[in-house]
Structure formats: C-alpha cells, structure tokens
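Below: the structure, in structure tokens.
The chains referred to below are lettered A, B, ... by the order of the sequence lines, with proteins before strands, and numbering in each begins at 1.
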Amino acid sequence: MEDILHSINWAVVAPLIIIQVILVIVALIDWTKAKNTNGPKWLWFIIIIFLNIIGPILYFLFGRRQQ
Amino acid sequence: MMKVLFKKEVLENWRNKKWIWVPLVFILLAIMDPITNYYLPDILESVGGLEGGAVIELPTFSPADAIMMSVSQYSTLGVLVIVLLSMGIISGERKSGVIELVLVKPVSYTKFVLAKWLSLLLLVFAAFIIGMMASWYYTNILYGEITFSMLLAVIFYYGLWLLFVCTVSIFFNTVTQSPGIVAFATIGTTAGISLVTSLLGIRLAWSPTNLSVYIQELLVTGDVSSELMYTTIISIVLIALILLASIYRFNRTFIRRSQ
C-alpha cells in the first residue's frame, strides 16, 4: 500500500478528490438551508456524508423539495 | 417575452444549485475512467495477492480509447443524470400547479416550451463541454495527443446525441404530469432505439444511437465518414420533429383547458 501512495502523481488525482469535496460542501450548505426535504432530514445528512460521490447527487436529485 | 422566460429558468437552475453540481458531476464522469485505467496496473500490483506469479495482461489504451471512455460514461450515467434532472422540468410544475401561475399571464405556450428546452440545453451543454475539456486535458497528459479540432468534432457529434435525449425528455414532459413516467419513458425510448438499432444492424445504419460508433471511427481514421454525415442529418431532423411535437402537444393541452 505504501508503494502505491508514492507512485501516484497527486497533481493528477487531486482534482477528483477536490470535486468530491466541493459536491459534499455544496450539498451540506443547501441541506442546512432547506426547511424540509423529501423524507427525513437527518437521513439526507447521512446519505450526503457517507455515500461517496453519489450521496450529494442523490440529495440534489431527490432530496430537495421545490418551493 | 422569450428572453424573460429563459432568464427565469436559468436563474431557477442557479437557485437549485444545478449550475454547480451538474458541471462537477460531468467532470467527474469524464475523468474517472481515464485516471482509473491509467493507474490500474499500480492498483492491481499493490493489492497483489495473486499467487504463483499469475500475470494479468492489461490492454494498453490509445488516446482515442481514453476519450471514448469519457463518451461511454456519458452514454450511460451521463444520460441517466440528464434524464433525472429534466424529468420534472415541465411535468413537475404541472403536478404542483406552479405552471398555472405562469400561464395565467399572456405567455405564448410555444415560447414557454422553447424556454424550458433552451435552458436545459444551456445547462447540459455547458457541463458536457467542460467535462470533455477535462477529459481532453487528462488524455493529453496520460495517454498521448488528441488534437483540439478532433475534440471539437467529438463534442459536436456526441452533443447531438445528448441534444436528442434532452429533446425526448422535454417531449415526455409535455405528455404526462408525472416526473417518474417522464424519466421511465425517456430511458425506455433511448434504450428501445438502441436495441432496435442493434437488432436491425445495417438497415438502421443512420440511427442516432450509432453516433458514438461513428465517432470512434472518426477518432481512429481522422476523417468524417458518409455514415456519420447521414446520421447527423437524420438526428437533426428527428430532434426538430420531436421538438415540434412537444410544442404541438403542449399547446393542445393548455388551449383546450382554457376554453
């Protein structure tokens, strides 16, 4: 495992990680502002945090309730 | 009038955060496979565990293969994202009754549908083009050179397929009030067309689902085949017809109701 951490060029992989982090942050900001969501609000928090990549996308597609 | 409706839609997409997450997701889709495949030998080696010196032959990818990895991600997950984000674009407003508030004003129904269609296209194409740029960047770094004009050709021809999917989704939006049915029917239609295309083979050589096949040829040979030309023309005609059908359908539904 050590080897692979060294062999990876982080400049190449970093954007993947940064994009995921931005998605989670934007989803969380929207989540805190939302008065109510489709389904229990706490559940969406868990989905956003723990489901890698698709969590925030699922929230934006199905969790938000249109005003 | 058209401009006002269009601006309202774009602003709404901004408030929905669609302008943030859709481009990010499209970038992820585009760069994930080229990066993973590049590091696959390292990953397999470190996971190891293959006893007795088993050797896995990994294919080596050309730059054209790398660009096609992004395109094939768009064909599956990209289309899914487009369908899911557009499923309620008109039907959802009909269901919730919001549409009545807009159509009470002296708004042309045709312009209403066109504004919805254009705002969806603006969002999807911005995300798609940014994503392909990212894919192109990584392809050039990791796999080798693809010319910019070739990238533009891929964006143009594959963009037609995404345009087709968006237009089909708008059409079903004018048919039913249920976003779920819109999503189901849109995916069903595109899947159905590609099934029929693969069953009939040569007799449906100009089907829009073949666009990605011809794009692959284009990347390898470097010139636009006559099949690609005809498929392009057929796709544009189909898109125009489906758009006209949506406008007709929407007008009929609401004119009948207001009488």
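- Proximity to chain A is limited to the side chain of I20(B), based on heavy atoms less than 4.5 angstrom apart.
- To the nearest 0.5 Å, atoms CG (D65(B)) and OG1 (T60(B)) are separated by 8.5 Å.
- Between F164(B) and W161(B), the ring planes are parallel. Angles under 30° get that label, and only those over 60° would be called perpendicular.
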Item checked: CA sep, side-chain torsions, deciding dist, call: S75(B), Y158(B), side chain to side chain donor-acceptor pair (under 3.5 Å) -> CA-CA 9 Å; S75(B) 298; Y158(B) 195 71; 2.6 Å; yes
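- Only the side chain of I53(A) comes within contact range of chain B, with at least one heavy atom under 4.5 Å from a heavy atom of that chain.
- With a 4.5 Å cut-off on non-hydrogen atoms, L24(B) touches chain A through its backbone and its side chain both.
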Notebook entry, point to check: Where do F148(B) and W136(B) land on the ring-ring contact (aromatic ring centres under 6.0 Å, His included) test, with the steps shown first?
Noted result: CA-CA 8 Å; F148(B) 186 67; W136(B) 181 60; 5.2 Å; yes
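- Taking the six-membered ring where tryptophan is involved, the planes of F112(B) and F250(B) are essentially parallel, since the angle between them stays under 30° and well short of 60°.
- Heavy-atom distances place the side chain of Y138(B), and not its backbone, under 4.5 Å from chain A.
- Chosen from M87(B), M32(B), E93(B), K17(B), the residue pairing most often with chain A at heavy-atom distances under 4.5 Å is K17(B).
- With respect to chain B, the highest number of heavy-atom pairs below 4.5 Å among V26(A), I22(A), V12(A) belongs to V12(A).
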